[in-house]
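Quick notes on the structure that follows.
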Amino acid sequence: YQRDVDRIVYCKSFRRLKHKTQVFLAPSGDHYRTRLTHTLEVAQIARTIARALQLNEDLTEAIALGHDLGHTPFGHAGERALNSLCSCGFTHYVRTVEKIEKNGAGLNLTDEVKNGILCHTKGEEAYTLEGQIIRIADKIAYINHDIDDAIRSGVISAEDLPEEAIRVFGSTHRMR
């Protein structure tokens, strides 16, 4: 699975994640999440969970690093729009990882990594526990980091967060 990590990290689609914003369009300043920083944060959260459960950390990391490759603008909503327009369908992972990368040859990832990437959102569950972790780690990352970015931008303040959420998850980034 370490070979899959290398193939993902060194592919063009991975580098392109740095230019895609996570939530805020063209934010001023360099403290807001991009799709790349989000992906790295998901990988760290996922590795921590995998380590605690004594699962394969390399497999978990490969899936986490590849989970957003080829994402369209506007995330999954953009993907649904393209899917409805393309006669052959459009799935960011399949299109990018298996057809676009390496001049059409794809990244040649293992089945476990491909399945984990494909199943990281709603719908079918990944067939490995490592793949199932990514869905959870992705949610932890985007919910917490979207709150952090929204507070940083002034869209909301910490006082705007629901009391129940603060009680359950904590009032600071570190606690959440």
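Here the structure is a predicted model, which means the values were calculated and not measured. Numbers here simply count residues along the sequence, with the first being 1.
Formation of a donor-acceptor pair under 3.5 Å by the Glu61 side chain with backbone atoms of Ala43 is not found in this model. No donor-acceptor pair under 3.5 Å is formed between the side chain of Asp138 and the backbone N or O of Arg135. Judged by distance alone, with hydrogens and angles left aside, the side-chain atoms of Asp4 form a donor-acceptor pair with the main-chain N or O of Thr110 at under 3.5 Å. A side-chain donor-acceptor contact under 3.5 Å links Asn115 to the backbone of Tyr127. No side-chain donor-acceptor contact under 3.5 Å links Arg51 to the backbone of Glu57. The closest donor-acceptor contact from the side chain of Gln132 to the backbone of Ala126 lies under 3.5 Å.
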As a quick check of understanding, evaluate salt bridge (charged side-chain N to carboxylate O under 4.0 Å, His left out) for Arg3 and Asp58, giving each step before the final call. CA-CA 9 Å; Arg3 189 172 289 159; Asp58 289 336; over 6 Å; no

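The CZ atom of Arg47 sits 9.0 Å away from atom CG of Leu65, with the distance rounded to the nearest 0.5 Å. To the nearest 0.5 Å, the span separating OG on Ser171 from CD on Glu159 amounts to 10.0 Å. For the atom pair CZ (Arg35) and OG (Ser13), the distance works out to 13.0 Å, reported to the nearest 0.5 Å. Here the straight-line distance linking atom NE2 of His67 with atom CD1 of Ile117 works out to 9.5 Å at 0.5 Å rounding. One finds the OG1 atom of Thr48 at 10.5 Å from the CD1 atom of Ile133 (value rounded to the nearest 0.5 Å). In this structure, Asp148 CG and Glu41 CD are separated by 8.5 Å, a value rounded to the nearest 0.5 Å.
Cluster annotation: Ile63 and Leu107 are assigned to the same hydrophobic cluster (Ile/Leu/Val/Met/Phe/Trp/Tyr, side-chain heavy-atom contacts under 4.5 Å, transitive). No continuous path of hydrophobic side-chain contacts links Ile136 to Val42 [ILVMFWY only; heavy atoms under 4.5 Å]. A chain of hydrophobic side-chain contacts below 4.5 Å, direct or via other Ile, Leu, Val, Met, Phe, Trp or Tyr residues, connects Val97 to Ile134. Hydrophobic clustering of Ile, Leu, Val, Met, Phe, Trp and Tyr side chains at less than 4.5 Å, counting indirect connections, unites Ile147 with Val155. In this structure, Ile151 is a member of the same hydrophobic cluster as Ile166, with clusters built from ILVMFWY side-chain heavy atoms closer than 4.5 Å.
Here the options are Thr60, Leu109, Leu59, the test is side chain to side chain contact (heavy atoms under 4.5 Å, CB included), and the partner is Tyr1; only Leu59 passes.
Contact annotation: the side chain of Lys139 never approaches that of His120 to less than 4.5 Å [non-hydrogen atoms, C-beta and beyond]. Cys119 is listed as a side-chain neighbour of Glu124, based on a closest heavy-atom distance under 4.5 Å. Counting heavy atoms from C-beta outward, Ile8 and Leu69 have side chains that approach closer than 4.5 Å.
Chaining together hydrophobic side chains whose heavy atoms lie under 4.5 Å apart places Val168 alongside Phe169.
For the residue pair Leu40 and Phe14, the shortest heavy atom distance occurs at CD2-CZ, 4.2 Å.
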